[in-house]
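Everything on this sheet refers to the single structure shown next.
To find a chain, count down the sequence lines: A is the first, B the second, and so on, and within it residues start at 1.
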There are 2 protein chains.
Amino acid sequence: MRPHEIAERLREFERVCRRRGVPLTVQRRAVLESVLERDDHPTADQIIEAVKQRIPGVSRTTVYRVLDMLVEAGVIRRLHHPGPAARFDGKTRRHHHMICKKCNKVIDLESAKLDRLSLPDVESEGFEIDDFSVHFTGICVECRQAKAQ
Amino acid sequence: MRPHEIAERLREFERVCRRRGVPLTVQRRAVLESVLERDDHPTADQIIEAVKQRIPGVSRTTVYRVLDMLVEAGVIRRLHHPGPAARFDGKTRRHHHMICKKCNKVIDLESAKLDRLSLPDVESEGFEIDDFSVHFTGICVECRQAKAQ
DNA sequence: CTCCGTGCAAAAGGTTTGCACTGGT
DNA sequence: ACCAGTGCAAACCTTTTGCACGGAG
C-alpha cells in the first residue's frame with residue numbers, strides 16, 4: 001500500500017479509537033502499519049516479526065489481541081486460507097482470490113466485472129448479504145513450471 | 001446425503017482404492033461414511049466422534065490421516081472456514097457459500113446461475129483455473145432475529 | 001509373506017487465558 | 001488517578017510425527 005494511503009488509514013483508525021473511547025497505543029499503531037505495509041496476506045507470526053522492527057520487546061499476545069481488535073472494528077480483515085494459521089488483509093475493498101492447490105499461495109485479483117456480479121436471491125431465505133468474493137482454485141505459474149520440468 | 005447416494009460414493013471409493021493399489025480398510029470406509037452422512041461441514045473432531053460410533057477404539061491420528069488421504073484422492077474436500085479447525089465436505093460438485101459474520105456458520109448455496117459465471121482472463125498471467133466458488137458474507141436468519149430482539 | 005495402515009504417545013505449531021504491572025486519556 | 005492495555009508464562013486446541021504392532025492384499 002502506498003505511504004499516503006497508509007497515512008490516511010491511520011487517521012481513520014484514530015477516529016475509530018476516539019469514537020470507541022479506546023486508547024490509541026503505540027502497539028496498535030505499529031500493528032496496523034505492519035499489516036498495511038504488506039500487499040500479501042501475512043500470518044500473525046509475520047506481523048509479529050514486522051512489529052518487532054518497531055517495538056523490539058513487543059509480546060505475541062499483544063499482537064494477537066490487537067489483530068482481533070482491528071478485525072472487530074472493521075479496520076482490517078481476517079482471511080481463512082489453506083493451512084493452520086489465520087491471515088490478515090489490510091485491504092477492505094471488494095476483491096477476489098486465486099488459490100493455488102499445490103503451494104496454497106493466495107493471489108489477489110481485482111476485477112470490476114466480477115465486482116458487479118448479480119447477487120442470487122437468498123434474501124428471501126433471510127440471509128442478509130453485505131459483500132461477496134470469488135475464490136478461484138487452480139495451479140499458479142510457479143507450480144505449473146515446476147510440474148512441467 | 002441420501003443412503004443410495006452414499007452407497008454410490010462408497011463404490012466409487014472402492015474403485016479409487018483399487019486403482020491406487022491401496023487397501024480399503026474398515027477405518028477408511030467408516031471415515032468416508034461419516035463425512036457423507038452429514039450435510040454440514042464437520043470438523044475433524046466431529047468426524048472422529050461419528051467414527052467412534054462405528055469403531056469405538058479408533059485413533060484420532062488415523063482419522064486425520066484418512067481425511068488427508070480422501071482429500072488427496074479427490075473424494076472429499078477440505079474447507080477453510082472461520083475458526084481454527086479445518087472442515088470437510090463430501091460434496092464435490094461446484095457450489096457456493098454464505099458465511100455469517102456473527103456466528104461463523106457456513107451455509108451451502110446451489111445456484112446454476114452462479115455456476116455459469118464467466119471466468120476472468122487470468123490464464124494469460126499463467127494461473128490455470130480449474131474451479132471457483134463464490135463466498136457471500138452477511139448475517140444469517142438466526143443472528144438477524146437475535147439482533148432484532 | 002510383505003508392506004502399508006493403525007494406534008499410542010509425544011511433539012509441534014498456533015492461539016487464548018490468568019494475573020500483575022504499565023501507560024494512555 | 002483510573003481503567004484499559006500490555007507482557008509473561010502457562011494452558012489449550014488442533015494437527016503432525018516417530019515407532020512398534022497388526023491386518024489387508
Original post:
Rounded to whole angstrom units, what separation is found between the CD1 atom of A/I48 and the P atom of D/dG7?
Top reply: 11 Å
Quiz: residues 67-79 of chain B side-chain donor-acceptor pairs under 3.5 angstrom, not counting sequence neighbours:
unit_1	atom_1	unit_2	atom_2	d
B/D68	OD1	B/R78	NH2	2.4
B/R77	NH2	B/T92	O	2.9
B/R77	NH2	B/D131	OD2	3.3

Original post:
By a strict heavy-atom criterion of less than 4.0 Å, which residues belonging to residues 14-41 of chain B are in contact with DNA chain D?
Top reply: B/P23, B/L24
Original post:
End-to-end bend of the helix from C/dC1-D/dG25 to C/dT25-D/dA1 (five-pair axes, 10° rounding)?
Top reply: 40°
Original post:
Quick one: side-chain contact (heavy atoms from CB on, under 4.5 Å) partners of A/D39, sequence neighbours excluded?
Top reply: A/M1
Subject >> Protein-nucleotide distance (B/M69, atom CE; C/dG5, atom P), rounded to Å >> reply: 7 Å
Original post:
What residues, two or more places apart in sequence or in another chain, satisfy side chain to side chain donor-acceptor pair (under 3.5 Å) together with B/S111?
Top reply: none
Original post:
Excluding sequence neighbours, so at least two apart, what forms side-chain contact (heavy atoms from CB on, under 4.5 Å) with A/S133?
Top reply: A/H96, A/H97, A/H135
Original post:
Quick one: side-chain contact (heavy atoms from CB on, under 4.5 Å) partners of B/T43, sequence neighbours excluded?
Top reply: B/D45, B/Q46, B/A85, B/R87
**OP:** Describe, in one word, how the ring planes of B/H81 and B/H41 are oriented to each other, choosing from parallel (under 30°), tilted (30 to 60°) and perpendicular (over 60°).
**Re:** perpendicular
**OP:** Measure the distance from CD on A/E49 to P on C/dG13 and round it to the nearest whole Å.
**Re:** 15 Å
Subject >> Shared-cluster residues of A/V141, by chain and number - hydrophobic side chains joined below 4.5 Å >> reply: none
Subject >> side chain to side chain donor-acceptor pair (under 3.5 Å) partners of B/K91, counting only residues at least two apart >> reply: B/D108, B/E110
Subject >> All side chain to side chain donor-acceptor pair (under 3.5 Å) counterparts of A/H80, not counting sequence neighbours >> reply: none
Subject >> Under 4.0 Å protein heavy-atom contacts per nucleotide of nucleotides 12-19 of chain D, with B for base, S for backbone only and - for none >> reply: --SBBBB-
Subject >> With sequence neighbours excluded, residues passing side chain to side chain donor-acceptor pair (under 3.5 Å) with A/R54 >> reply: A/E33, A/S34, A/E37
